[in-house]
Chemist: 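Below: one structure in structure tokens.
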Amino acid sequence: MKNTNLPDIDRKWWKEAVFYQIYPRSFKDSNGDGIGDLQGIISKLDYIKSLGVDAVWLNPIYESPNHDNGYDISDYRAIMKEFGTMNDFDIMLKGFHDRGIKLIMDLVVNHCSSEHKWFQQARTSRKNEYYNYFHWWPAEKGIPPKRWSTFDPEANAWKYNEATNSHYLHYFAAQQPDLNWENPNLRQDIYDMMRFWLDKGIDGFRMDAIAYISKDPEFPAMPAKYDGDWIIYYAHGPHLHKYIKEMNREVLSKYDVATVAEAIGTVDSVMKFVDPARGELNMAYHFEGVNLGYLPNEYKMVGPEGYSLLEFIEVYSKWDNAFAKKGWGTIYLGNHDQPRMVTRWGNDSPEFRELSSKMLTTFILSMGGTPYYYFGDELGMNNIKFDKISDYNDIELLTNYEQVKAKGGDLDRFLNGMKISSRDNGRTPFQWNATANAGFTTVKPWLKVNPNYSFVNVEIEESDRNSVLNYFREMVKVRKSDLAFVYGKYSLLDTGNPYIYAYTRELNNNKYLIILNFHDKTATTNVGVDITEIKSVINNYLGTSKIINKSQVTLKPYQAVILKIK
Ligand code: TEU
Ligand code: CA
């Protein structure tokens, strides 16, 4: 590792780490029920180690009726039966730590499951001690003020409960009642639960929907300026940062752990979570990048033109600049809420799937902010593109389908759009080898396996020096070879080029030039200085055809290169 003498920089393990996200339901099934599990992960620890990653983020593995695949938690201190036992968890955690890999867990505390004992109690009577663990609108006050829900067929975030003659609030599905953070007892219960996991030795939390936890208990009418943008209203609760500061004081500050907020919002609002002077969280991820290219007023529909690279560059540059001043960001293109990155941001045609996967990997691992790399992207896995609604599992997709149907909307158009954007595209089983079900399971998997597993899989890619998998490993090594890729200054080059994204990362005397062709045709960029004499660090095309002519660089379709300048 170069550039380690950095007196002015606040070095932290979580800034220098490459995170690898695992969706446990789809990683590896160990007991033949078609569902990935903890023993499955344990059996693949050496594979994870071989990637060179430093930390793993696991999606929720707590007890859950799985209306939203683990994001509806019925017991925060137990492991989901389908995934295994607490003993399996302890073995897995030790297995990661023995290999020098840290583990962060999902913290889902905006809501719990309607089957959680708190809610089961709360719904029995207004006098129950858990009633105020949730948000209620008493029926005698009339119809509750409009609140939208993401996962509700009627998009209504209130649901009537007969025993209490009141409506409870659920920003997500009706099976996911929102927790009432106004109640100090609830907050203390959450903090205890966090200590339970931290005392087991986990290395931090990814905080689900954390921006939504504070609500005005009066439930005033939503201000008109948020019309159509209610998510932004939800992310601006009056006591949000008071709660996060308290959580930091009472729990997080006592441990050397990493925290990352799922924080929708503007630069200014997201910065509040991670400005070190405020004592809240470490990292945040924004949604502006992953939401690019969607048509307005429609659910996740990419327009015929796709997305604009110029907008993409503008958004990622803006966030990089903000975090260069203070705080710390993240960089990602895929996760369990997103389609496969190569389909959405690259090109998954047979000709370009591998090249554009490698190009996007070069982007993620050379940018500022901590990379969160989604499992399967290292193989170049792409969207499965289901034709039929019956193939889907995801509650978000199914409820949106119901909404379109109820409005008499165009269901074919909806299903076509979902081939690009639906979350299930990113949740299909991991592809280990070319045997039945990609070696993920011996029985019918919970979600269909992408038929391209016969040639997109770990086993085949291990044996190919130039595979997407081995390129990922090489690129992880590049990131770790010089702290310039972590702490280095980012400067955009050739602004206005609609095909090529070019920038430098620079620290002390080391300067790297990253040039990425996002286009399916040859394209040229002018980087402004003569670079004839410089050294190649990585290139996703083989061979050494001349691509540099003084300051002009000509790249083949989806070509990615990193060059070292000084
Ligand atoms: O997502 C929070 C969230 O705001 C989602 O609506 C997200 O924007 C959407 O899924 C994008 O398609 C988190 C989790 O990441 C998600 O998997 C859960 O379903 C959701 O919270 C509820 O817990
Ligand atoms: Ca299983």
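In listed order, ligands and their atoms are each counted from 1.
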Chemist: Do Y332 and Y285 have their ring centres less than 6.0 Å from each other?
Modeler: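 Between Y285 and Y332, which both carry aromatic rings, the centre distance is below 6.0 Å.
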Chemist: Check this for me, if you would: do E82 and R25 make a salt bridge, where the nitrogen-to-carboxylate-oxygen distance has to be below 4.0 angstrom?
Modeler: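 Here E82 pairs with R25 in a salt bridge, since their nearest N and O are under 4.0 Å apart.
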Chemist: Pick one of side chain, backbone, both or neither for how Q338 approaches ligand 1, counting any non-hydrogen atom pair under 4.0 Å.
Modeler: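 The answer is neither.
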Chemist: So, at under 3.0 Å, which protein N, O or S atoms would a careful student list around the Ca ion (ligand 2)?
Modeler: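 The answer is D29 OD1, N31 OD1, D33 OD1, I35 O, D37 OD2.
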Chemist: Which of the numbered atoms in ligand 1 are under 4.0 angstrom from any heavy atom belonging to E396?
Modeler: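 Counting from 1, the qualifying ligand atoms are 9 (C), 10 (O), 11 (C), 12 (O).
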Chemist: Can K407 and E402 be counted as an ion pair, charged N to O under 4.0 angstrom?
Modeler: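 Between E402 and K407 there is no salt bridge, as every charged N stays at least 4.0 Å from the carboxylate O atoms.
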Chemist: Measure the CZ-OH distance between F151 and Y171 for me, rounded to the nearest 0.5 Å.
Modeler: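 The distance works out to 14.5 Å.
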Chemist: State whether R99 and D46 are salt-bridged, where the test is any N-O pair (Lys NZ or Arg NE/NH1/NH2 against Asp/Glu carboxylate O) under 4.0 Å.
Modeler: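 Salt bridge flag = yes for D46 with R99.
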Chemist: Does the pair D192/R187 count as a salt bridge with the N-to-O cut at 4.0 Å?
Modeler: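 Salt bridge flag = no for R187 with D192.
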Chemist: Can you find a non-hydrogen atom of H67 under 4.0 Å from ligand 1?
Modeler: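 No.
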Chemist: Mark up the atoms of ligand 1 that fall under 4.0 Å of a heavy atom belonging to R423, in ascending order.
Modeler: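 Under 4.0 Å from R423, ligand 1 has these atoms: 10 (O), 12 (O), 16 (C), 17 (O), 18 (C), 19 (O).
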Chemist: Could you tell me which atoms of ligand 1, counted from 1 in the order shown, lie closer than 4.0 angstrom to a heavy atom of H336?
Modeler: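 In order of numbering, the contacting atoms are 14 (C), 15 (O), 16 (C), 17 (O).
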Chemist: In this structure, is the centre-to-centre distance between the rings of F219 and W158 below 6.0 Å?
Modeler: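 Yes, the ring of W158 comes within the 6.0 Å limit of the ring of F219, centre to centre.
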Chemist: Given the side-chain rings of Y131 and W136, with only the six-membered ring counted for Trp, is the space between their centroids under 6.0 Å?
Modeler: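 Yes.
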Chemist: Hey, which atoms in ligand 1 end up nearer than 4.0 Å to a heavy atom of D68?
Modeler: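 That gives atoms 18 (C), 19 (O), 20 (C), 22 (C), 23 (O) of ligand 1.
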Chemist: May I ask you to decide if V109's main-chain N or O and W181's side chain share a donor-acceptor pair within less than 3.5 Å?
Modeler: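 Between the backbone of V109 and the side chain of W181 there is a qualifying donor-acceptor contact (under 3.5 Å).
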Chemist: Closer than 4.0 Å to some heavy atom of F151 - which atoms of ligand 1 meet that?
Modeler: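 Those atoms are 19 (O).
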Chemist: Please state which protein non-hydrogen atom is closest to atom 1 (O) of ligand 1 and give its distance, to 0.1 Å?
Modeler: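 Atom 1 (O) of ligand 1 sits closest to the protein heavy atom E262 OE2, 3.0 Å.
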Chemist: Got D75 and M80 here, is their nearest side-chain heavy-atom distance under 4.5 Å?
Modeler: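 Sidechains of M80 and D75: no contact.
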Chemist: Between D348 and R353, does at least one N-O distance fall below 4.0 Å, as a salt bridge requires?
Modeler: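 Salt bridge flag = no for R353 with D348.
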Chemist: As an exercise, identify every atom of ligand 1 less than 4.0 angstrom from a heavy atom of Y212.
Modeler: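 The list of qualifying atoms is 4 (O).
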Chemist: Nearest 0.5 angstrom please: Y234 OH to I213 CD1, how far?
Modeler: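 Y234 atom OH to I213 atom CD1 measures 15.5 Å (nearest 0.5 Å).
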Chemist: Heavy atoms only: which of H111, M207, K300 lies closest to atom 11 (C) of ligand 1?
Modeler: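 It is K300 whose heavy atom sits nearest to atom 11 (C) of ligand 1.
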Chemist: Among all protein heavy atoms, pick the one closest to atom 5 (C) of ligand 1 and tell me residue, atom and distance.
Modeler: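 For atom 5 (C) of ligand 1, the nearest protein heavy atom is F172 CE2, 4.0 Å.
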Chemist: What pairs meet the salt bridge (Lys or Arg N to Asp or Glu O under 4.0 Å) rule with one or both residues in residues 103-118, with sequence neighbours excluded?
Modeler: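 Residue pairs with at least one partner in residues 103-118: D106-R206.
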Chemist: Which of the numbered atoms in ligand 1 are under 4.0 angstrom from any heavy atom belonging to F287?
Modeler: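 Heavy-atom distances to F287 below 4.0 Å select 8 (O).
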Chemist: Can you pull out the closest protein heavy atom to atom 7 (C) of ligand 1? Residue, atom name and distance to 0.1 Å, please.
Modeler: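 For this ligand atom, the closest protein heavy atom is D337 OD2, 4.1 Å.
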Chemist: Is the closest N or O pair between D208 and ligand 1 shorter than 3.5 Å?
Modeler: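 There is such a contact, yes.
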